[in-house]
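Let me begin by presenting the structure, written as structure tokens, before commenting on it.
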Number of protein chains: 2
Amino acid sequence: MDQPHRIVAELIKIAEHADAFRHGSEDFYGPLNLTEVHCIHWIGILDHANVTKVSNEMGMTRGAISKICKKLLQKQLIESYQEPENNKNIYFRVADGGKDIFEAHKVTHNQKFGEKINIVKKYDADEQAVILRFLMDINGLVESSLEKIYATPSDVD
Amino acid sequence: MDQPHRIVAELIKIAEHADAFRHGSEDFYGPLNLTEVHCIHWIGILDHANVTKVSNEMGMTRGAISKICKKLLQKQLIESYQEPENNKNIYFRVADGGKDIFEAHKVTHNQKFGEKINIVKKYDADEQAVILRFLMDINGLVESSLEKIYATPSDVD
DNA sequence: TCCTTTTTGTTGACAAGGAAACAATCGTGC
DNA sequence: GCACGATTGTTTCCTTGTCAACAAAAAGGA
């Protein structure tokens with residue numbers, strides 16, 4: 001296998017293990033799964049987090065997030081509140097019972113992020129420039145694929 | 001955002017769109033979804049394909065593949081056969097009704113693969129070497145995460 | 001041979017998440 | 001003010017896939 005093929009093979013390998021790459025072995029919080037932990041994460045990060053905002057951040061439907069938040073509310077890991085000027089929107093914040101999870105997740109998340117940064121820093125500036133250019137090229141390809149998926153039939157030739 | 005952070009951001013972006021990266025906008029075969037098409041793919045590729053082999057290739061459980069093959073059999077896109085010396089194992093091959101799908105998928109798959117190779121070939125040998133080394137570093141990190149996941153006792157309740 | 005362990009494929013119960021329909025509320029235009 | 005489209009959150013139905021239990025056959029081992 002020549003170098004270009006090996007590179008593509010490595011890329012495919014990363015994509016195959018995308019979940020592991022994004023989240024590593026982070027997160028074993030007893031009965032909570034990864035999605036629920038990330039939901040807590042975004043509720044803790046966002047100002048005035050609501051179902052719609054969290055669903056956008058997590059790339060999931062409002063229906064899915066609504067169900068998850070319902071569970072987290074029942075477990076008292078988050079709590080909801082409203083503002084007097086708006087009687088429709090429902091906001092969430094991390095409740096006392098969920099603070100430990102939020103903090104623990106933040107620690108492991110930052111640690112995982114640091115590991116990735118450390119790998120990158122082993123390369124000098126010129127090498128990093130090559131890597132960055134390459135990754136942007138690859139993402140360009142991915143984005144053009146996404147456009148095709150979301151394009152209306154009339155746009156496709 | 002400095003260069004290392006931009007690189008990690010691009011990597012995360014690839015991981016977020018891992019499905020699009022792996023399969024692009026390939027595959028709109030009417031009532032068949034991507035998984036079913038890939039199942040046909042592997043049944044066509046593998047010699048004496050059976051539920052176990054296909055499940056290994058696709059990283060899914062035997063139960064899932066068994067159900068998919070059941071559907072594909074009903075639609076007469078694949079057909080099953082056995083060998084006289086073994087009365088337990090059930091093998092599959094692509095049936096006439098599935099040959100078009102298999103071939104069409106092969107074409108788009110090869111095209112997608114070619115696009116990736118072409119991106120890589122825009123870089124000279126030295127640059128490719130840097131890229132390959134970097135990707136292998138990243139995959140090393142991913143693999144160590146996987147080991148941790150599978151080494152963790154899941155006796156949490 | 002006979003008995004045990006492994007492998008293979010199937011099934012049912014279950015959970016996660018999407019799609020779409022829905023009600024309630026908001027906000028803008030008039 | 002009022003009407004109407006847009007947003008928001010929820011729920012129901014459906015699909016997908018995992019897990020665990022299972023039966024049948026195979027593969028070894030004494």
Side-chain angles (χ1 to χ4, degrees), chain A residues 16 18-20 23 27 29-40 42-43 46-75 78-93 149-150, chain B residues 16 18-20 23 27 29-40 42-43 46 48-75 78-93 149-150 153-157:
Chain A
E16 279 175 351
D19 280 346
H23 312 298
D27 304 332
Y29 299 101
L32 291 195
N33 63 29
L34 219 44
T35 312
E36 290 163 335
V37 174
H38 288 148
C39 199
I40 292 175
W42 284 110
I43 287 171
L46 295 170
D47 180 53
H48 281 69
N50 62 2
V51 166
T52 300
K53 280 189 199 172
V54 174
S55 69
N56 287 333
E57 294 292 344
M58 295 182 60
M60 294 172 60
T61 60
R62 286 185 321 227
I65 302 301
S66 178
K67 292 168 192 168
I68 294 170
C69 288
K70 193 177 174 183
K71 288 171 62 178
L72 296 176
L73 279 171
Q74 286 170 349
K75 295 182 182 177
I78 62 175
E79 55 195 21
S80 63
Y81 62 99
Q82 292 190 285
E83 296 294 355
E85 71 269 16
N86 188 311
N87 200 28
K88 178 179 61 163
N89 292 21
I90 300 169
Y91 305 105
F92 300 104
R93 65 168 77 92
I149 290 175
Y150 293 124
Chain B
E16 280 176 349
D19 279 346
H23 312 298
D27 304 336
Y29 300 102
L32 292 194
N33 63 28
L34 220 43
T35 314
E36 290 164 334
V37 174
H38 288 148
C39 198
I40 293 175
W42 283 111
I43 287 171
L46 295 170
H48 280 70
N50 62 1
V51 165
T52 300
K53 281 189 199 172
V54 173
S55 69
N56 287 334
E57 294 292 344
M58 294 181 61
M60 294 171 60
T61 60
R62 281 176 305 161
I65 302 301
S66 178
K67 290 168 188 170
I68 294 170
C69 287
K70 194 176 174 184
K71 287 172 63 178
L72 296 177
L73 279 170
Q74 286 169 348
K75 295 182 183 179
I78 63 174
E79 53 195 21
S80 64
Y81 62 100
Q82 292 191 285
E83 295 292 356
E85 73 269 16
N86 188 311
N87 201 26
K88 179 178 59 159
N89 294 21
I90 300 169
Y91 306 105
F92 300 105
R93 66 167 78 92
I149 288 176
Y150 292 127
S154 55
D155 53 359
V156 195
D157 192 23

Please step through side chain to side chain contact (heavy atoms under 4.5 Å, CB included) for the pair A/Glu57 and A/His38, ending with a clear verdict.
CA-CA 10 Å; A/Glu57 294 292 344; A/His38 288 148; over 6 Å; no
Between [atom2] of [N] and [atom1] of [X], the distance in whole Å:
X       : N     : atom1 : atom2 : answer
A/Tyr81 : D/dT8 : OH    : C1'   : 15 Å
A/Phe92 : D/dT8 : CZ    : P     : 13 Å
A/Lys88 : D/dT8 : NZ    : C1'   : 5 Å

*DNA chain C: 5'-most and 3'-most nucleotides touching chain B, 4.0 angstrom heavy-atom criterion*: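 So the contact region on DNA chain C extends C/dT7 to C/dA13.
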Result for 5'-nearest mapping on DNA chain C, choosing between A/Thr35 and A/Asn87, is A/Thr35
Just distance, no hydrogens or angles: give the donor-acceptor pairs under 3.5 Å from side chains in residues 59-75 of chain A, sequence neighbours left out.
residue	atom	partner	partner atom	Å
A/Thr61	OG1	A/Ala64	N	3.2
A/Lys71	NZ	A/Glu36	OE2	2.7

Exercise. Can you tell if the side chain of A/Ile40 reaches within under 4.5 Å of the side chain of A/Leu32, non-hydrogen atoms only?
Worked result: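 Touching, per the 4.5 Å side-chain cut-off.
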Checklist entry - Taking C-beta and beyond as the side chain, do B/Ile43 and B/Val54 meet within less than 4.5 Å on heavy atoms? => result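 They are in side-chain contact.
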Write down the atom of A/Phe92, the atom of A/Val51, and the distance for their closest heavy-atom approach.
->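 Of all heavy-atom pairs spanning A/Phe92 and A/Val51, the closest is CE1-CG2, 3.8 Å.
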- Do the side-chain N or O atoms of B/Asn33 get closer than 4.0 angstrom to the phosphate oxygens (OP1, OP2) of D/dT16?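 Answer is yes, contact under 4.0 Å.
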### Query
Taking only side-chain nitrogens and oxygens of A/Thr52, does any of them come within less than 4.0 Å of OP1 or OP2 of D/dT7?
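No, because none of the side-chain N or O atoms of A/Thr52 sits under 4.0 Å from OP1 or OP2 of D/dT7.
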- Message: The criterion is side chain to side chain donor-acceptor pair (under 3.5 Å); which residues satisfy it with B/Glu79, sequence neighbours excluded?
- Response: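 B/Glu79 satisfies side chain to side chain donor-acceptor pair (under 3.5 Å) with B/Arg93 once adjacent residues are dropped.
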Side-chain atoms of A/Asn50 come closest, of D/dG17, D/dT8, D/dA26, to D/dT8
Separation between OH (A/Tyr91) and CG (A/Asp47), nearest 0.5 Å, reads 9.5 Å
Exercise for review: For the helix from C/dT1-D/dA30 to C/dC30-D/dG1, figure out the bend between the end axes, five pairs an end, and round to 10 degrees.
Suggested key: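 Inter-axis angle at the ends, rounded: 20°.
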| request: Scan B/Lys71 against the nucleic acid and name what it touches under 4.0 Å (heavy atoms): base, sugar-phosphate only, or nothing. | output: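 Here B/Lys71 touches the backbone only, sparing every base.
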Under a 4.0 Å heavy-atom cutoff, the residues of residues 54-70 of chain B touching DNA chain C are B/Arg62, B/Gly63, B/Ser66, B/Lys67, B/Lys70
Distance-only criterion, 3.5 Å: show the donor-acceptor pairs between side-chain atoms of residues 80-87 of chain A and protein atoms not counting sequence neighbours.
residue	atom	partner	partner atom	Å
A/Gln82	NE2	A/Asn89	O	3.1
A/Glu83	OE2	A/His48	NE2	2.8
A/Asn86	OD1	A/Lys88	N	2.7
A/Asn86	OD1	A/Asn89	N	2.9

